[in-house]
Structures are given as C-alpha cells and as structure tokens.
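What follows is a short report on a single structure.
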Amino acid sequence: MRKVITGAFVSLDGVMQAPGGPHEDPVGGFKYGGWVWPYFDEAMGNAVDDMFAKPFDLLLGRKTYDIFAAYWPYVDADDSIGPLFDRITKYVATRNPDFKLSWQNSQLLGTDAVAALRTLKSGEGPDLLTQGSTDFLQTLFRNDLVDEINVFLFPVVLGKGKKLFGDGAFPGALKLVSSRVSGSGVTINKYARNGDVVTGSFGPDQPSAAELERRRNLS
C-alpha cells in the first residue's frame, strides 16, 4: 500500500503561500513571496534531499503543477531536483476536466480526485509526495488521506496567506518520528499517524459549584 506524504514549508502562523519567490503566488495580495530564501542553508538542503531520497511520485494541485511545470523542466541538467521531477510520475488534481498537461509523465486524477487517490493508495508503487498544493491539501486532510507530514517550520510570522491546515481537517493524533534544527533556525519535523485524538482532564472528579455554574453559562 502506498503512503501519501506531505512536504510543507510553513511559517510560525501556519502559512505556506509562495515560499519560493515573489511571483510564485501573489493571489490575495500576498506580498511576502520568497520568504523561505533567507533561511535556506546547507542543513535545509540536506533535509530536502532526504525527503526526495526514497522513490516517490508527485501529488500536486493544479496551481502548484503550473508553477512546477514552468520551472523544473527548464533548470540545468546537473540540478539535483529538476531531472528527478521530470522523470517521475506527476498526479494532478484539478476541477477542470479539460485541463491540458504540458509536462511529461503527468496524469490527471480525474473528476473524483479522492476516489482516484484511494485507488492509487491501495495499489503498488512508490509513495505519493505532495509539495505546496495548499487547496488540494485541504481535501486530503478533510478525507483523512495523509499518512505522514514533513513540516519545515520557519521562524517568521506572515500574518495572512494560504495555510497548511484549514478548519475541516480530519482529527487524529500524530507521532513525532524525527526532529532537527537548521543553522538558520528552521525546525524540520517528521510526523506519522498515531491513532485517534486522546483527551483527558486536569480537573477533579467532582467539580466545584462555581465550575458547574461556569459550564451552565457557556451555553
């Protein structure tokens, strides 16, 4: 069975939008495109290489596919990522059934991306790695389709923009598999699914009269 693995560059306030450059995704008046660049050091590069070290196919939303298709096929042949992305399969989610794929080895997920992805997950092949694709990620989280999350957490607050998690994510517990810190202060964390959310209480078994009154006043 194949896993769906998310790779995400995220600000402290959860924003993922336009990490690579000012013209990448200025939608909504976002003015901080390229916010990752000042923090990208050797440790960051090694962590990205590690994420791409095992066989994988890419799983992309249409907007990120457009960004990648206009960039990666045109980098130098000795680039460590471009030829790899060019060679592997790219699965693309779009609401436009007439969308034309311009990048080799690309496939549309079809009109029901969730059903298509469930079929892909149940079959044989390399894991499915997301990059960017914030809109599509909300669909994945809402339908409980993500098995592992790689979060690169940057020491910056962006204020507004497209975020990793929306309000509709499927609840669940995660286990921290690994964590490290780059020289520029980016924390690089890998999380795996770890069952249901577990809750508890620090309060006494018998609440006070004041606490009972407080609860009644909440409604």
Side-chain angles (χ1 to χ4, degrees), residues 1-10 14 16 46-69 72 80-97 99 101 103-153 162-180 187-199:
M1 186 171 177
R2 307 167 78 173
K3 293 181 181 178
V4 171
I5 300 172
T6 289
F9 293 164
V10 183
M16 287 182 61
N46 291 336
V48 170
D49 288 343
D50 288 347
M51 189 167 54
F52 298 150
K54 295 180 179 179
F56 67 94
D57 289 334
L58 279 174
L59 184 61
L60 304 171
R62 197 271 301 166
K63 293 176 183 176
T64 297
Y65 175 83
D66 283 345
I67 294 168
F68 278 23
W72 288 115
S80 62
I81 297 176
L84 171 62
F85 279 7
D86 212 35
R87 182 175 66 250
I88 64 175
T89 302
K90 280 77 66 176
Y91 294 101
V92 185
T94 176
R95 298 179 182 90
N96 179 5
F99 182 70
L101 298 167
W103 194 4
Q104 68 174 359
N105 301 321
S106 299
Q107 298 182 29
L108 292 177
L109 287 173
T111 55
D112 190 340
V114 170
L117 187 50
R118 292 192 193 282
T119 299
L120 282 174
K121 283 193 68 175
S122 66
E124 297 296 323
D127 290 333
L128 301 156
L129 177 65
T130 74
Q131 295 285 281
S133 307
T134 49
D135 291 342
F136 185 42
L137 278 178
Q138 305 316 306
T139 298
L140 299 182
F141 289 134
R142 193 162 51 245
N143 288 276
D144 195 24
L145 288 168
V146 176
D147 302 288
E148 182 181 297
I149 305 174
N150 293 277
V151 178
F152 294 69
L153 188 62
K162 299 175 183 178
K163 295 194 173 185
L164 174 60
F165 291 107
D167 293 335
F170 193 91
L174 298 172
K175 176 175 65 176
L176 182 63
V177 176
S178 64
S179 182
R180 47 183 157 162
T187 57
I188 304 160
N189 304 311
K190 177 184 289 188
Y191 298 93
R193 294 177 56 133
N194 195 31
D196 296 329
V197 176
V198 178
T199 64

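Predicted, not measured: the structure shown is a model, and the values here were computed from it. Below, all heavy atoms of this structure are taken into account, side chains as well, without hydrogens, waters or symmetry copies.
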Quiz: residues 47-61 side-chain donor-acceptor pairs under 3.5 angstrom, not counting sequence neighbours:
from, atom 1, to, atom 2, distance (Å)
Asp50, OD2, Arg180, NH2, 2.8
Asp57, OD2, Arg2, NH2, 2.6

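- Listed by first then second residue, pairs satisfying ring pair (Phe, Tyr, Trp, His ring centres under 6.0 Å) with a partner in residues 104-145 read Phe141-Phe165, not counting sequence neighbours.
- Rounding to the nearest 0.5 angstrom, the gap separating the OG1 atom in Thr94 from the NZ atom in Lys63 is 10.0 Å.
- Gln104 CD to Ile88 CD1: the interatomic distance, rounded to the nearest 0.5 Å, is 11.0 Å.
- Between Gln138 and Leu164 the shortest heavy-atom distance is NE2-O, 3.0 Å.
- Taking the side chain to side chain contact (heavy atoms under 4.5 Å, CB included) definition, one finds that Val197 meets it with Pro171, Thr199, sequence neighbours left out.
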List, one per line, each side-chain donor-acceptor pair under 3.5 Å for residues 114-123, sequence neighbours excluded.
from, atom 1, to, atom 2, distance (Å)
Thr119, OG1, Ala115, O, 3.2
Lys121, NZ, Leu145, O, 3.3
Lys121, NZ, Asp147, OD1, 3.3
Lys121, NZ, Asp147, OD2, 2.9
Ser122, OG, Arg118, O, 3.4
Ser122, OG, Thr119, O, 2.9

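- A 6.0 Å sphere centred on CG of Asp196 holds no more than 12 heavy atoms belonging to other residues, nucleotides or ligands.
- Residue Ser133 holds its OG atom at 8.5 Å from CD1 of Ile67, rounded to the nearest 0.5 Å.
- At distances below 3.5 Å, at least one donor-acceptor pair connects side-chain atoms of Asp127 with backbone N or O atoms of Lys3.
- Listed by chain and residue number, Asn189 satisfy the side chain to side chain donor-acceptor pair (under 3.5 Å) test with Ser179 (two or more places apart in sequence, or in another chain).
- Counting only residues at least two apart or in different chains, side-chain hydrogen bond (donor to acceptor under 3.5 Å, both in side chains) contacts with residues 163-175 are absent.
- In this structure, the separation between CZ on Phe9 and CG on Leu153 is 12.0 Å, given to the nearest 0.5 Å.
- Of all heavy-atom pairs spanning Gly132 and Thr64, the tightest one is C-OG1, 3.8 Å.
- The side chain to side chain donor-acceptor pair (under 3.5 Å) search around Lys90 returns none, not counting sequence neighbours.
- Residues satisfying the side chain to side chain donor-acceptor pair (under 3.5 Å) test with Asp66, not counting sequence neighbours, are Arg62.
- Residue Thr6 holds its OG1 atom at 10.5 Å from CG of Leu128, rounded to the nearest 0.5 Å.
- Annotation: ring pair (Phe, Tyr, Trp, His ring centres under 6.0 Å) contacts involving residues 105-133, sequence neighbours excluded, are absent.
- Listed for the Asp86 side chain is no donor-acceptor partner under 3.5 Å among the backbone atoms of Gly82.
- When the side chain to side chain contact (heavy atoms under 4.5 Å, CB included) test is applied to Val92, the partners found at least two apart in sequence or on another chain are Tyr65, Leu101, Leu108.
- Partners of Thr134 under the side chain to side chain donor-acceptor pair (under 3.5 Å) rule, at least two apart in sequence or in another chain, do not exist in this structure.
- In terms of the salt bridge (Lys or Arg N to Asp or Glu O under 4.0 Å) criterion, residue partners of Arg193 (sequence neighbours excluded) are, by chain and number, Asp144.
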Check against side-chain contact (heavy atoms from CB on, under 4.5 Å), Met16 and Leu137: CA-CA 11 Å; Met16 287 182 61; Leu137 278 178; 3.9 Å; yes
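- Taken from OG1 in Thr89 to CD in Gln107, the straight-line distance is 5.5 Å, to the nearest 0.5 Å.
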